[in-house]
Amino acid sequence: MKKLNVTIQLEMSVPDDWSLVETSEGTPVLQLPDGTFMDLAIEPLFATNPEETWSSTDDDEVLNDVLDMVDSESVTYEFTPV
């Protein structure tokens, strides 16, 4: 086995009423104005041809197999002025 490091960095323009909150474990997540919460994380996408449309799997076993390979995950959130 080898280690694969994946860094996820997104810059997004979001509504002013989104805020950051922490879970009981100290993990930051986004709180949306309708009372829901959102976390952005990796989701594997698949295709039968790399030049065609990619999509997520409908097979939970395949998804769980890939997610079981993740040793740790870190997503950092920071708001910056526009």
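What's counted below: heavy atoms across the whole structure, side chains too, no hydrogens, waters or symmetry copies. One is the number of the first residue; the rest follow in order along the sequence.
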* Asked: Are V75 and V6 connected in a single hydrophobic cluster, I mean Ile/Leu/Val/Met/Phe/Trp/Tyr linked by side-chain heavy atoms less than 4.5 Å apart?
  ->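 Yes, one cluster joins them.
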* Does one hydrophobic cluster hold both I8 and L30, with members joined at side-chain heavy-atom distances below 4.5 Å? -> yes
* Hey, could you give me the CG/OG distance between N5 and S74, rounded to the nearest 0.5 Å? => 11.5 Å
* Approximate separation, where rounding is to 0.5 Å, of N64 CG and D68 CG -> 6.0 Å
Atom pairs and distances, side-chain donor-acceptor, residues 36-53, under 3.5 Å, sequence neighbours left out:
from, atom 1, to, atom 2, distance (Å)
T36, OG1, D34, OD1, 2.6
D39, OD1, Y77, OH, 2.8
E43, OE2, S56, OG, 3.3
N49, OD1, E51, N, 2.8

* Identify the two heavy atoms, one from W18 and one from F79, that lie closest to each other, and give their separation to 0.1 Å. => O-CZ, 3.9 Å
* Indicate the atoms forming the closest heavy-atom contact of T57 with D59, along with that distance. =>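 What the structure gives for the nearest pair is OG1-N, 3.0 Å.
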* Counting only heavy atoms not in E22, do more than 12 sit closer than 6.0 Å to its CD atom? -> yes
* Asked: Can you name the salt bridge (charged side-chain N to carboxylate O under 4.0 Å, His left out) partners of D71, sequence neighbours left out?
  -> K3
* For side-chain contact (heavy atoms from CB on, under 4.5 Å), just list the numbers for V29 and L20, CA-CA rounded to whole Å, side-chain angles, deciding distance to a tenth of an Å, and then say yes or no. => CA-CA 6 Å; V29 295; L20 290 173; over 6 Å; no
* Among Ile, Leu, Val, Met, Phe, Trp and Tyr joined by side-chain contacts under 4.5 Å, find the other residues sharing a cluster with M69 and list them by chain and number. => none
